[in-house]
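The structure under discussion appears below in the form of structure tokens.
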Amino acid sequence: WRIGVLAVDGKENSQAAWKPLGAYLSAKVPGRRFEIKALEYLELDAAVKNGGVDFLVCNPALFEMAAREHDFRELVSMKPSADQKGNFADLGSVFICASRSVDLQAFQDLKGRRVAAVAPLSLGGCLAGRYELEVSGMPSASVEWVYSGSSDKVFRAVLGGEVDAGVIPIGFLERMKQEQRFRKDD
């Protein structure tokens, strides 16, 4: 059986993180082998469409697409942990720009600019950010969206000057900092 896993933390990291699940299931289900396939958004969508995966580990938006268009059904759901006030700290988006982009100080400054996002159905890497734009009074259609497929690619596109800003899931920037993958003045 092939388990398609949304590679929210890059393909290598996601593959490594979910590989124990494949090993566990293979050991517990006699006569079956479970293979983990860490895929970026567009790859996961293609794998669902062409029958390249039998199970999914993904966000609710991708699951709804798979259920509607390809007859996937929910077997198990993971619930993120909430803080004492009931807030889900690990759900949301962060807009980033390079330190050289001193003219980007507020959402309104993004009007007409190129903004990288992970994928149209990425909760933290697009949808939550688009929602915040709308709530601030700025139509999300007033920016030029560029979809990169992963948070890492969004980050690199911003640092490389390919786009003016980017939307990534909260927590991603902190992990990048811990891994020393950028400097404060980037």
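Computation of the quantities below employed the complete heavy-atom set of this structure, encompassing side-chain atoms and omitting hydrogens, waters and symmetry-equivalent molecules. In this chain, residues are counted from 1 in sequence order.
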If I compare all heavy atoms of [X] with all of [Y], which pair ends up nearest, and what's the gap?
X	Y	result
Leu104	Ala165	CD1-CB, 4.4 Å
Ala47	Leu39	CB-CD1, 3.8 Å
Pro120	Leu127	O-CD2, 3.3 Å
Val163	Ala116	CG2-CB, 3.8 Å
Ser93	Cys126	OG-N, 4.3 Å

Sorted by first residue and then second, give each ring pair (Phe, Tyr, Trp, His ring centres under 6.0 Å) pair with at least one member in residues 122-153; sequence neighbours left out.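 Sorted pair list comes back empty.
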Quick one: side chain to side chain donor-acceptor pair (under 3.5 Å) partners of [X], sequence neighbours excluded?
X	answer
Lys37	none
Glu134	Ser140
Asp45	Lys49
Glu132	none

Are [X] and [Y] connected in the hydrophobic side-chain network, where two residues link if heavy atoms are under 4.5 Å apart?
X	Y	answer
Trp18	Phe34	yes
Val167	Ile170	no
Val94	Phe155	yes
Val118	Ile96	yes

side-chain hydrogen bond (donor to acceptor under 3.5 Å, both in side chains) contacts touching residues 103-126 (sequence neighbours left out):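 Residue pairs with at least one partner in residues 103-126: Tyr41-Ser122, Asp103-Arg113, Arg114-Glu144.
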Does Val115 offer a backbone N or O that forms a donor-acceptor pair with the side chain of Asp164 under 3.5 Å? no
Side chain to side chain contact (heavy atoms under 4.5 Å, CB included) against Leu56, all qualifying residues, sequence neighbours excluded: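 With sequence neighbours excluded, Leu56 shows a side chain to side chain contact (heavy atoms under 4.5 Å, CB included) to Leu44, Val48, Val53, Cys58, Ala66, Phe72, given in chain and number order.
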Identify, with sequence neighbours excluded, every residue that meets side chain to side chain contact (heavy atoms under 4.5 Å, CB included) alongside Lys153.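 By the side chain to side chain contact (heavy atoms under 4.5 Å, CB included) rule, Lys153 matches Glu40, Ser148, Ser150, Arg156.
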Who pairs with Phe95 by ring-ring contact (aromatic ring centres under 6.0 Å, His included), at least two apart in sequence or on another chain? Phe107
State, with a plain yes or no, whether a side-chain heavy atom of Leu21 is found less than 4.5 Å away from one of Val5. no
